[in-house]
Amino acid sequence: NEGDTVELSIIGAEDYTWTWSPTTGLSTDTGISVIATVTETTTYTITGVGGFCGDATLQITVQVDENEFASAGADVELCLGETVVLPGDGGAFENLYSWSPSTYLSCSDCPDPTANITEPGVYDYLLTTLDVYNCPAEDEVTVTVWALPEVSAGQDVDLCPEGSIQLEATGAEEYTWSPSTELSCDDCPDPDCTVNETTTYTVTGIDEHGCVNTDQVDVSVFSTLDITVTADPSTIDSYLGQTSQLEATGAETYTWTPSFGLSATDIANPIASPTDTTSYIVTGVDENGCTDIDTITINVIGELEVGLPT
């Protein structure tokens, strides 16, 4: 190989005085043995004088193998779960490939193994090639494997009909929600959700390395609360001191407004005795905290009118 050293010796001619030419790359230009360090193919002429058989001239060629070549390809980054083919190249005269270490590689003695790395980290692989003259060449490639982002769509949530809740995704740089049904945005981390039926949302997150992961959140929508109010009777004569029995059904707790003329405002069945026609609004809350309202009007007749003399 280029830059290697080799010892050149003349055998059986110790009685000669030898001179080497050219001197390029030689440790010395005289002697029966020299060390050559060459960067290109070079032919040396050795001239010997003073020998028993007269002067002598020899030639030797040191051939530099210029065919050795190794390329392991460009450094690569990938996300956990992805694979990559390492495109090894030994040139036109390659004879042997060897990858080291062989960990996570589909083969270690082939030109283009597939790397299927199952742990995040930085991995260096050394490719050694041998050409037809068994001269080696080396190259290294670095494979960086990024962990997937820890994407979270948040805890599963419950929602009342016609209600609203804010979803919140974390763990990535960019987000996409699917389906986008009843979301205020589908490419933000925290959309407002106003869905009216139970829905599973999937959020896809992408981190700064382009790695992708997903998570899901279930939004469970409670059954619709239906409050019903009755009055018995719905028309009363206040002059006679009549009252009306109100009755609300469909919820767990109730609140009545206005409080005027009611025996209580926090029960299902207050007694109403207004002195004027009045509309009462009842708000019901069920066991899930969901609310509904209903309205009923009590008609009042027989108001006492007092005439004043003019």
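Just so we're clear, the structure is a prediction, and the values are computed from it rather than from any experiment. Side-chain atoms are counted along with the backbone in the values below, which use heavy atoms only and exclude waters and symmetry mates.
Residue C107 comes nearest to P113 through the heavy atom pair O-CB, 3.1 Å, listed as atom of the first residue, atom of the second, then distance. Residues I236 and P274 approach most closely at CD1-CD, 3.8 Å, considering heavy atoms. Here the shortest heavy-atom pairing between N116 and E82 reads OD1-O, 4.4 Å. Contact between I298 and A231 at its shortest, heavy atoms only, is CD1-CB, 3.5 Å. Looking at every heavy atom in both residues, A272 comes nearest to L262 through CB-CD2, 3.8 Å. Contact between G73 and V141 at its shortest, heavy atoms only, is O-CG2, 3.8 Å.
Residues forming a side chain to side chain donor-acceptor pair (under 3.5 Å) with T23 (at least two apart in sequence, or on another chain): none. Scanning for side-chain contact (heavy atoms from CB on, under 4.5 Å) contacts around I271 gives T243, Q245, S263, with sequence neighbours left out. Considering only residues two or more places apart in sequence or on other chains, T103 meets the side-chain contact (heavy atoms from CB on, under 4.5 Å) condition with P101. Taking the side-chain contact (heavy atoms from CB on, under 4.5 Å) definition, one finds that S152 meets it with T170, D215, sequence neighbours left out. Applying the ring-ring contact (aromatic ring centres under 6.0 Å, His included) criterion to W146, with sequence neighbours excluded, gives H209. Under the side-chain contact (heavy atoms from CB on, under 4.5 Å) criterion, S102 pairs with S108, not counting sequence neighbours. For T202, the side chain to side chain donor-acceptor pair (under 3.5 Å) partners are Q216, not counting sequence neighbours.
At most 12 heavy atoms of other shown residues, nucleotides or ligands fall within 6.0 angstrom of atom CD1 in I11. Enclosure of atom CD in E150 is not indicated, since only 12 or fewer non-hydrogen atoms of other residues, nucleotides or ligands lie within 6.0 angstrom. Atom CD of Q155 is surrounded by 12 or fewer heavy atoms from other residues, nucleotides or ligands within 6.0 Å. In the displayed structure, E168 atom CD is contacted under 6.0 Å by at most 12 heavy atoms of other residues, nucleotides or ligands.
L78 and V212 sit in two unconnected hydrophobic clusters of ILVMFWY residues. Membership requires side-chain heavy atoms under 4.5 Å apart, directly or through other members. By the rule that hydrophobic residues join a cluster once side-chain heavy atoms approach within less than 4.5 Å of another member, V282 and I267 end up as members of separate clusters. Taken together through direct or relayed side-chain contacts under 4.5 Å among Ile, Leu, Val, Met, Phe, Trp and Tyr, W20 and V49 form parts of separate hydrophobic clusters. Residues V285 and I227 do not share a hydrophobic cluster, clusters being chains of Ile/Leu/Val/Met/Phe/Trp/Tyr side chains in contact below 4.5 Å.
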**Request:** For the pair L86 and V84, evaluate side chain to side chain contact (heavy atoms under 4.5 Å, CB included) and give the outcome as yes or no after the intermediate values.
**Result:** CA-CA 6 Å; L86 304 183; V84 63; 4.2 Å; yes
**Prompt:** Checking side chain to side chain contact (heavy atoms under 4.5 Å, CB included) for the pair E162/N196: CA distance, chi angles, key distance, verdict?
**Reply:** CA-CA 6 Å; E162 307 300 329; N196 283 320; 3.7 Å; yes
**Prompt:** For N288 and D158, what are the C-alpha separation, side-chain angles and deciding distance, and is it a side chain to side chain contact (heavy atoms under 4.5 Å, CB included)?
**Reply:** CA-CA 9 Å; N288 300 314; D158 297 324; over 6 Å; no
**Prompt:** How far apart are the C-alpha atoms of T41 and T61, what are their side-chain angles, what is the distance that settles it, and do they pass the side chain to side chain contact (heavy atoms under 4.5 Å, CB included) test?
**Reply:** CA-CA 7 Å; T41 298; T61 299; 3.9 Å; yes
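When side chains are defined from C-beta on, F69 does not count as touching T129, because their heavy atoms never get closer than 4.5 Å. Between T144 and D75, every side-chain heavy-atom pair lies at or beyond the 4.5 Å cut-off. No side-chain heavy atom of D89 sits under 4.5 Å from any side-chain heavy atom of D139. Side-chain atoms of T181 and T199, non-hydrogen and from C-beta on, never get closer than 4.5 Å to each other. The side-chain heavy atoms of T30 and T17, taken from C-beta on, include no pair separated by under 4.5 Å. Within the 4.5 Å cutoff, the side chain of D292 has heavy atoms near those of the D226 side chain. Within the 4.5 Å cutoff, no side-chain heavy atoms of T278 are placed close to those of V300. Using a 4.5 Å heavy-atom cutoff, the side chains of Y44 and L26 are in contact.
Listed for the N213 side chain is a donor-acceptor partner under 3.5 Å among the backbone atoms of P149. Listed for the T57 side chain is no donor-acceptor partner under 3.5 Å among the backbone atoms of T47. Of the possible donor and acceptor atoms, one in the side chain of Y97 sits under 3.5 Å from a partner among the backbone N and O of G90. Distance alone, capped at 3.5 Å, is enough to place a donor-acceptor pair between the D156 side chain and the D218 backbone.
The distance from atom CG of D294 to atom OG1 of T228, rounded to the nearest 0.5 Å, is 6.0 Å. From I32, atom CD1 reaches atom CD1 of I46 across 11.0 Å, with rounding to the nearest 0.5 Å. Annotation: the span from C79 atom SG to L148 atom CG amounts to 6.5 Å, rounded to 0.5 Å. For the atom pair T114 OG1 and D112 CG, the distance stands at 7.0 Å (nearest 0.5 Å). Atom CG of L58 and atom CD1 of I60 lie 9.0 Å apart (nearest 0.5 Å). Distance CG/L126 to CH2/W99: 9.0 Å, rounded to 0.5 Å.
Residue pairs meeting the disulfide (SG to SG under 2.5 Å) criterion with at least one member in residues 234-290, sequence neighbours excluded: C160-C290. Applying the ring-ring contact (aromatic ring centres under 6.0 Å, His included) test to pairs two or more places apart or on separate chains, none has a residue in residues 240-267.
The other members of the hydrophobic cluster of I165, by chain and number, are V151, V157, L159, L167, Y175, W177, L183, V195, Y201, V203, V217, V219, V221 (side-chain heavy atoms under 4.5 Å, ILVMFWY only). In this structure, V85 stands alone, with no Ile, Leu, Val, Met, Phe, Trp or Tyr side-chain heavy atom under 4.5 Å from its own, directly or through other members. Counting Ile, Leu, Val, Met, Phe, Trp and Tyr side chains that sit under 4.5 Å apart, directly or through other members, F222 stands alone, with no cluster partners.
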